[in-house]
Participant: 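Got a structure for you, questions after.
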There are 2 protein chains.
Amino acid sequence: MNRVPSDETMIERLKLAGLRPTRQRIALAALLFGECDKHVTAEALHEEALRNAIPVSLATVYNTLHQFTEAGLLRAVAIEGSRTYFDTNTSNHNHFYLEADGTLLDMHAAPAVSVPEPPPGMAISRVDVLVRLVRK
Amino acid sequence: MNRVPSDETMIERLKLAGLRPTRQRIALAALLFGECDKHVTAEALHEEALRNAIPVSLATVYNTLHQFTEAGLLRAVAIEGSRTYFDTNTSNHNHFYLEADGTLLDMHAAPAVSVPEPPPGMAISRVDVLVRLVRK
DNA sequence: ATTTGTGCAAATCGTTTGCATCTGA
DNA sequence: TCAGATGCAAACGATTTGCACAAAT
């Protein structure tokens, strides 16, 4: 009885990332990388896990999200406010942010940004573009 | 015995913004709008106030920052992490962020950004560009 | 006099940590 | 076996809130 995607796929992925494929990590990876790109908060992923009968503690969800991020499987997205979003799409892209309901959307077409010279002695490490949306 | 800028200026400014010019608001406004553009956190402004012999509670600093922001005197800047920055420059501009020491710098030359069409039914409310810097 | 703001301390929110226990290699 | 992972509950930092008191109109 195989889920799609199979646990084997996830185990492979974890091993490649240098992470021990534990019960919880496999299950969370299956939720995260199962289908299309997702944006989750720790809280949201925790709830999703519980709904799917994966008993895991919130602390482990936090740990796992950070480990996945360090391993390059996830990308942390900076939005104002306290809560952190994690994006399964780790490629260099930007986001629409729906202020009304706190939803993140991937921006597929790359925005063209030309940035001024950084101050002397400094180098650009990354450019984040966040487009805030409101309902029309 | 007049400070520069004068309290009168600040009182005017507060009245125009529809805020009652109280002792604390006048003093905080003088710190914030005194000279050049500033970026502050609530904590930092609170400390600055205490150093300047303005006894004010942290709660009031938070309240005041939010009231000023609603009144359009300040602009909240979204950086990742938990703490909120407030910018005395309310014009439409963007920022350099020095990850190493958590410092914000105004970007004077406007970055040229051309953003893709927002999803149907949605309109752009604001585009935030944050350029993360590292020491070279 | 009435409305509005302030200060304190307690409450809240998202997140992290310490530590005993469990698990996978 | 034993390094590494997990779960719980307590600790945490930034922020907010409830409420009695004080100040501005």
Side-chain angles (χ1 to χ4, degrees), chain A residues 7-8 10-31 39-50 53-71 73-74 76-86 102 104, chain B residues 7-8 10-31 39-50 53-71 73-74 76-86 102 104:
Chain A
D7 285 358
E8 276 62 36
M10 293 304 144
I11 292 174
E12 261 328 293
R13 204 148 171 173
L14 291 171
K15 281 186 181 164
L16 280 175
L19 293 169
R20 207 190 263 186
T22 66
R23 221 179 278 308
Q24 292 85 334
R25 284 180 185 159
I26 297 166
L28 292 176
L31 288 181
H39 303 99
V40 297
T41 60
E43 195 81 34
L45 182 60
H46 185 226
E47 280 165 21
E48 191 181 348
L50 298 187
I54 302 161
V56 64
S57 75
L58 183 54
T60 296
V61 172
Y62 273 105
N63 289 337
T64 304
L65 286 172
H66 287 141
Q67 291 150 358
F68 283 13
T69 301
E70 271 167 48
L73 301 175
L74 291 176
V77 182
I79 311 286
E80 93 190 311
S82 38
R83 81 178 25 164
T84 306
Y85 288 76
F86 295 86
L104 267 191
Chain B
D7 285 358
E8 275 65 35
M10 292 305 144
I11 292 175
E12 262 326 294
R13 204 148 170 173
L14 291 171
K15 281 187 181 164
L16 280 173
L19 293 169
R20 211 189 258 189
T22 67
R23 221 178 280 306
Q24 292 85 337
R25 283 180 187 159
I26 296 165
L28 292 176
L31 288 181
H39 305 100
V40 298
T41 61
E43 196 80 34
L45 182 59
H46 185 226
E47 280 164 20
E48 191 180 348
L50 298 187
I54 301 161
V56 63
S57 76
L58 184 55
T60 296
V61 172
Y62 273 106
N63 288 336
T64 303
L65 285 171
H66 287 140
Q67 290 150 357
F68 283 12
T69 301
E70 270 168 49
L73 300 176
L74 291 176
V77 182
I79 312 287
E80 92 189 310
S82 39
R83 81 180 26 167
T84 306
Y85 288 78
F86 295 86
L104 267 191

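Naming: A, B, ... by sequence-line order, numbering from 1 per chain.
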Participant: Does the protein touch nucleotides 14-25 of chain D at the base, only the backbone, or not at all? Give it as B, S and - per nucleotide, heavy atoms under 4.0 Å.
Facilitator: SBBB------BS
Participant: Please report the shortest heavy-atom distance between A/Gly102 and A/Tyr85, naming the atom on each side.
Facilitator: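 That closest heavy-atom pairing would be O-OH, 2.8 Å.
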Participant: Grab the two heavy atoms, one from A/Leu104 and one from A/His39, that are nearest each other, plus how far apart they are.
Facilitator: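 In this case the closest contact between A/Leu104 and A/His39 is O-ND1, 3.3 Å.
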Participant: Find the distance B/Gln24:CD to C/dG5:P and express it as a whole number of Å.
Facilitator: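 Value for this atom pair: 11 Å.
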Participant: Does some side-chain heavy atom of B/Pro21 sit less than 4.5 Å from a side-chain heavy atom of B/Met10?
Facilitator: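 Answer no - side chains too far apart.
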Participant: Give the rounded distance in Å between these two atoms: CD1 of A/Ile11 and P of C/dA25.
Facilitator: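 Nearest whole value for this atom pair: 8 Å.
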Participant: Atom CG of B/Leu14 to atom P of C/dT4: distance rounded to whole Å?
Facilitator: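 Taking atom P of C/dT4 as the reference, CG of B/Leu14 is at 16 Å.
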Participant: D/dG7, OP1 or OP2 - any side-chain N/O from A/Ser57 closer than 4.0 Å?
Facilitator: yes
Participant: Using modelled atom types only, decide if a donor and an acceptor are shared between the side chain of B/Arg25 and the backbone of B/Arg20 within a distance under 3.5 Å.
Facilitator: yes
Participant: For the pair made of NE2 in B/His46 and C1' in D/dG13, what is the distance, rounded to whole Å?
Facilitator: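 Distance, rounded to whole Å: 16 Å.
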Participant: For a quick test of reading the model, state the closest non-hydrogen atom pair linking B/His46 to B/Leu58 and the distance between them.
Facilitator: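 In terms of heavy atoms, the two residues are closest at NE2-N, 3.5 Å.
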Participant: Between B/Gln67 and C/dT4, is there a side-chain N or O to OP1/OP2 distance below 4.0 Å?
Facilitator: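 No.
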Participant: Which whole-number value in Å describes the distance from A/Arg25 CZ to C/dA25 P?
Facilitator: 11 Å
Participant: Roughly how many Å is it from CD1 in A/Ile26 to P in C/dA25, rounded to a whole number?
Facilitator: 8 Å
Participant: What closest approach, in Å, do A/Pro55 and A/Ala53 show between heavy atoms, and which atom pair accounts for it?
Facilitator: CD-O, 3.4 Å
